[in-house]
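Structure record follows, encoded as structure tokens.
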Amino acid sequence: MIEAAIYGYGNIGSGVAEVIEKNQERIERAVGEGVHVKYVLDLREFEDDPVREVLVHDVDIIVNDPEVKIICETMGGNEPAYTFTKKALMAGKSVCTSNKELVANHGAELIKIAAEHGCNYFFEASVGGGIPVIRTLNNALKQEKILNISGIVNGTTNYILTKMEREGAAFEDVLKEAQELGFAERNPEADVEGYDACRKIAILASLMSGKSVDYKDIYTEGITKLTAEDFLYAKKMGRTIKLLAMSKLTEDGYLAMVAPVLIGEKSPLYHVSGVFNGIFVKGNMLGDSMYYGSGAGKLPTASAVVADVVEAGRFPGKHLPIDWSEEKAALADLSLSKRRFFVRFDRNKVPEAKAAAEFGNGRVVFLEECPEEYGYITPEMSEKEFAGKFEGMDGAIARIRIEE
Ligand code: HSE
């Protein structure tokens, strides 16, 4: 029996205990022996839960127990998860985490510590919930030069955008409903402002480059400014709006961004709806591939943590290398990247001829529902050039990037 511990008995932590219990037979067959949860670390008491029998409040009880070989870190946040994870790795215990914040902040360092102590720092559950995208990048696609990773990596915002599209509803109304149904947090900022997606694409971009992509260097825009009218225009253009997290390899480095984009029906990401995630990966030999599934939620995420437990359990005392160094990856200058933009203009302030004179010959989109305005698809131009024309322009209502 492999002895394990869980740091944090919240939604995901209790899910990990459940997956280990319910799928014990599967786990035993995969690992060659069973996994037993010897300790659960949490500050709270759980009087009515059987977990009380293994509950501890002091991390050192776990770290100092030589029987414990694997730890599932499902605490979330930076501290004390960072300190507790380092303690465990330094004691030679593998750590399997769902904590994207910690992975995005300290992934390379924690992998290095694991390598130095003959154990592992695994983080399958940090991106894409139950979708095995991390192990796919680390194993199945390791022979590939990854050229592009673009994805819908936040379930909450995808749920909101799907509802806005299908019901013609306003952002605030859908957010409220999502909160009532438990699909959005009481404090939804990390999701709706794109911060969660930013951390996830930073992790994917780091694995793509083998170096560290700092999430603070990634341009991030959320979905809070999108309106029902934006979706009407999108529909008229045969498109929809998705919060896209992307990292593309260009001649100037990795071009990374999180922003709402207009994508067309031909894109595989167009069809990723509701709380699901979809991650598109292009390899130089492989070509296109896509990974789709439950991107969040207790059991899908817990299952991914347990997948890491199985992997660590299969190779006791062995460090399995992950190509992610602390050296900073070179990022391309987003302001120089080119694309088309969709802009909404107040027609009383910006006649069509003025839009054409400012932005070049584009395409005009009219909506019966919005007679006082019109939409304009610009020709391809750099972010910098576009911003120079758009920012502060009287009569410009909104703009959304177009993803080809
Ligand atoms: N809030 C996140 C999401 C949870 O909606 O995708 C999973 O990371």
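The first residue in the sequence is number 1, and the count goes up from there. Excluded from the calculations below are hydrogen atoms, water molecules and symmetry mates; all remaining heavy atoms, backbone and side chain alike, are included. When a ligand or atom number is given, it counts from 1 through the structure's own listing order. Not measured: the values here are computed from a predicted model.
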Atoms of ligand 1 less than 4.0 Å from [X] heavy atoms?
X: A296; answer: 4 (C), 7 (C)
X: T156; answer: 1 (N), 3 (C), 5 (O)
X: G155; answer: 3 (C), 5 (O), 6 (O)

Practice task
Starting from atom 1 (N) of ligand 1, find the nearest protein heavy-atom neighbour and note its residue, name and distance.
Solution key: D191 OD1, 2.9 Å
Exercise for the section: Could you check atom 8 (O) of ligand 1 against the protein and tell me its nearest heavy-atom contact, residue, atom and distance included? Expected result: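 Among all protein heavy atoms, the one nearest atom 8 (O) of ligand 1 is K100 NZ, 2.6 Å.
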Practice task
Say whether K200 and ligand 1 are in contact under the criterion: heavy-atom distance to a ligand atom below 4.0 Å.
Solution key: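 Within the 4.0 Å threshold, so yes.
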Fill in the blank from the handout: Note: N154, heavy atoms under 4.0 Å from ligand 1, region reported as both
Practice task
Taking all heavy atoms of A205 and all of S247, pick out the closest pair and write down the distance.
Solution key: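 Taking A205 first and S247 second, the nearest heavy atoms are CB-OG, 3.5 Å.
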Handout entry: H57 versus E45, side-chain donor and acceptor atoms under 3.5 Å
Key = yes
Problem - Test: D230 and R344 ion pair at under 4.0 Å - result: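 A salt bridge links D230 with R344.
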Exercise for the section: With sequence neighbours left out, write down each residue that passes side chain to side chain contact (heavy atoms under 4.5 Å, CB included) with T97, or none if nothing qualifies. Expected result: E73, N99, V103, Y121, F123
Exercise for the section: Flag the pair L334 / S337 as yes when at least one side-chain heavy-atom distance between them is below 4.5 Å, and no otherwise. Expected result: yes
Exercise for the section: Flag this pair as yes if the NZ/CZ of R347 is under 6.0 angstrom from the six-membered ring centre of F366 and inside a 45 degree cone about the axis; otherwise no. Expected result: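 Here R347 fails the 6.0 Å and 45° test against F366.
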